[in-house]
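The first residue in the sequence is number 1, and the count goes up from there.
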Amino acid sequence: MPLHHLMIGTWTPPGAIFTVQFDDEDLTLKLVKRTEIPHDEPISWMTFDHTKKNIYGAAMKKWSSYAIKSPTEIIHEASHPIGGDPQASNPTTNTRAIFLLAAKLPPYAVYANPFYTHAGHGNIFSVTPSGTLSTNIQNYPYQPTTGIHGMVFDPSETYLYSADLSANKLWTHRKLPSGEVELVGSVDAPHAGDHPRWVAMHPTGNYLYALMEAGNRLYLFEPDADEWWA
């Protein structure tokens with residue numbers, strides 16, 4: 001299939017989703033649609049659901065949900081405020097929706113993290129049968145100084161790993177049948193100035209890779225051994 005479509009959000013208002021088309025035979029790239037979305041909900045991070053029929057967005061003070069009818073027909077269906085600390089959704093604070101992770105296995109919940117101040121809780125949302133963000137089912141705590149910038153599941157989606165850039169640690173949560181999570185534990189980054197930003201899981205589930213923003217290092221963490229490797 002020579003044509004591929006990429007959806008792009010923006011960091012600042014006005015909100016829009018740009019759809020570009022890449023032709024892998026002609027090696028050309030062109031803009032095919034600018035979809036206007038709520039003005040104050042620009043999407044700085046977006047992810048697809050497991051069917052690629054829905055986009056979930058980290059949209060300033062909101063978590064947003066869009067149905068993809070086609071690459072050029074993207075429809076806004078829901079927006080939900082950041083949960084947890086009541087100050088997180090207050091327009092006067094600098095708290096911002098920063099990251100979402102959509103589960104690939106039932107019940108297909110969506111896991112979301114705010115950043116900057118008042119970001120000590122992750123938000124979990126259920127979805128409708130068609131995939132629209134539905135209900136905030138849990139605001140689970142990290143710690144008051146937390147700022148999660150990335151998460152990843154192990155291949156079985158038993159464990160959720162979170163990179164806490166602000167508190168300089170990694171967190172592990174166990175996913176429950178409801179889609180909610182319970183805390184397993186946390187581990188500090190190897191050095192005080194590391195600040196983990198992104199995490200990725202090896203296909204076996206035995207190793208976690210953590211990229212340190214300030215430490216400028218890539219570490220391998222072995223969850224079963226609770227041990228770091230440079």
Side-chain angles (χ1 to χ4, degrees), residues 4 6-9 22 24 44-58 63 97-115 119 121-125 127 131 138 140-143 146-230:
H4 310 271
L6 176 70
M7 285 70 173
I8 304 165
F22 175 65
D24 65 13
S44 57
W45 180 272
M46 63 174 64
T47 190
F48 288 106
D49 73 345
H50 66 289
T51 66
K52 289 187 166 57
K53 293 181 179 179
N54 294 277
I55 285 175
Y56 307 124
W63 309 110
I98 204 73
F99 183 82
L100 306 97
L101 178 66
K104 305 301 182 185
L105 298 175
Y108 304 116
V110 178
Y111 300 78
N113 300 120
F115 198 68
H121 291 79
N123 304 166
I124 304 176
F125 290 89
V127 299
Q138 186 184 17
Y140 64 96
Y142 289 98
Q143 66 183 52
T146 279
I148 302 296
H149 207 284
M151 296 186 294
V152 68
F153 277 113
D154 73 319
S156 68
E157 291 196 359
T158 302
Y159 296 103
L160 177 66
Y161 298 96
S162 304
D164 194 337
L165 190 152
S166 299
N168 199 44
K169 60 175 59 179
L170 294 180
W171 297 81
T172 304
H173 289 82
R174 182 182 293 106
K175 189 175 85 170
L176 305 175
S178 64
E180 296 174 292
V181 298
E182 62 182 6
L183 179 64
V184 175
S186 64
V187 59
D188 291 336
H191 300 282
D194 278 336
H195 300 291
R197 183 181 180 95
W198 299 111
V199 281
M201 177 61 66
H202 188 272
T204 63
N206 294 328
Y207 304 102
L208 184 72
Y209 303 101
L211 179 65
M212 306 297 175
E213 178 179 276
N216 196 29
R217 301 178 179 92
L218 178 64
Y219 280 102
L220 183 150
F221 180 68
E222 193 172 358
D224 288 343
D226 200 29
E227 189 169 3
W228 288 100
W229 301 87

Do Pro114 and Trp63 make a side-chain contact, defined as non-hydrogen atoms from C-beta onward lying under 4.5 Å apart? yes
Run the side-chain contact (heavy atoms from CB on, under 4.5 Å) test on Phe99 and Tyr111 for me, step by step, so that the C-alpha distance in whole Å, both residues' side-chain angles and the decisive distance to 0.1 Å come before the verdict. CA-CA 8 Å; Phe99 183 82; Tyr111 300 78; over 6 Å; no
Identify the heavy atoms of Pro107 and Ser178 that sit nearest to each other, and give their distance. CG-O, 3.6 Å
Does the side chain of Asn168 reach to within under 4.5 Å of the side chain of Asp188, using non-hydrogen atoms? no
With a 4.5 Å heavy-atom cut-off, do Met151 and Tyr161 have their side chains touching? no
On a heavy-atom basis, which atom in Ser44 and which in Ala97 lie closest, and how many Å separate them? OG-O, 3.8 Å
Heavy-atom pair with the smallest gap, counting every atom of Gly131 and Asp49: CA-OD2, 4.4 Å
Could you walk me through whether Arg197 and Met212 pass the side-chain contact (heavy atoms from CB on, under 4.5 Å) test, one step at a time? CA-CA 6 Å; Arg197 183 181 180 95; Met212 306 297 175; over 6 Å; no
With a 4.5 Å cut-off on side-chain heavy atoms, are Leu160 and Trp171 touching? no
Output yes when a side-chain donor or acceptor of Gln138 lies under 3.5 Å from a complementary backbone atom of Val181, and no otherwise. yes
Inter-residue atom distance Leu170.CG - Ser162.OG, 0.5 Å rounding: 8.5 Å
Please test His173 against Tyr140 for ring pair (Phe, Tyr, Trp, His ring centres under 6.0 Å), starting from the C-alpha separation and ending with a verdict. CA-CA 10 Å; His173 289 82; Tyr140 64 96; 4.9 Å; yes
Report the C-alpha separation of Val187 and Lys169 in whole Å, then their side-chain angles, then the decisive distance to 0.1 Å, and conclude whether the side-chain contact (heavy atoms from CB on, under 4.5 Å) test is met. CA-CA 6 Å; Val187 59; Lys169 60 175 59 179; 6.0 Å; no
Pairwise distance CG(Asn113) to OG1(Thr146) - rounded to 0.5 angstrom: 9.5 Å
Point-to-point distance, once rounded to the nearest 0.5 Å, from CH2 of Trp45 to CG of Leu101: 9.5 Å
Do the rings of His202 and Tyr209 sit parallel, tilted or perpendicular, given the 30° and 60° boundaries? tilted
Side chains of Val127 and Tyr56: does their closest heavy-atom pair fall under 4.5 Å? yes
Least distance between heavy atoms, Val199 atom then Gly150 atom: CG2-O, 3.9 Å
Tell me whether the guanidinium CZ or amine NZ of Lys175 lies under 6.0 angstrom from the six-membered ring centre of Tyr159 and within 45° of its axis. no
Quick one: do Tyr108 and His50 satisfy ring pair (Phe, Tyr, Trp, His ring centres under 6.0 Å)? Show the steps, please. CA-CA 8 Å; Tyr108 304 116; His50 66 289; 3.7 Å; yes
Taking Ala214's backbone N and O only, do any of them form a donor-acceptor pair with His195's side chain (distance below 3.5 Å, no angle check)? no
How many angstroms lie between NE2 in His149 and CG in Leu211, if you round to the nearest 0.5 Å? 11.0 Å
Mind checking whether Pro155 and Met201 have side chains closer than 4.5 Å, heavy atoms only? yes
Aromatic centroids of His121 and Tyr142 separated by under 6.0 Å: no
Would you say Phe115 and Leu165 make side-chain contact, with heavy atoms under 4.5 Å? yes
Leu100 side, atom CG; Ile55 side, atom CD1 - distance, nearest 0.5 Å: 11.5 Å
Using the side-chain contact (heavy atoms from CB on, under 4.5 Å) definition, which of the options Thr172, Val152, Asp154, Leu220 pairs with Leu208? Val152
Mark yes when over 12 heavy atoms from residues, nucleotides or ligands other than Lys53 sit less than 6.0 Å from its NZ; otherwise mark no. no
Min side-chain heavy-atom separation Leu6-Ile8 under 4.5 Å: yes
Pairwise distance CG(Leu176) to CD(Glu182) - rounded to 0.5 angstrom: 4.5 Å
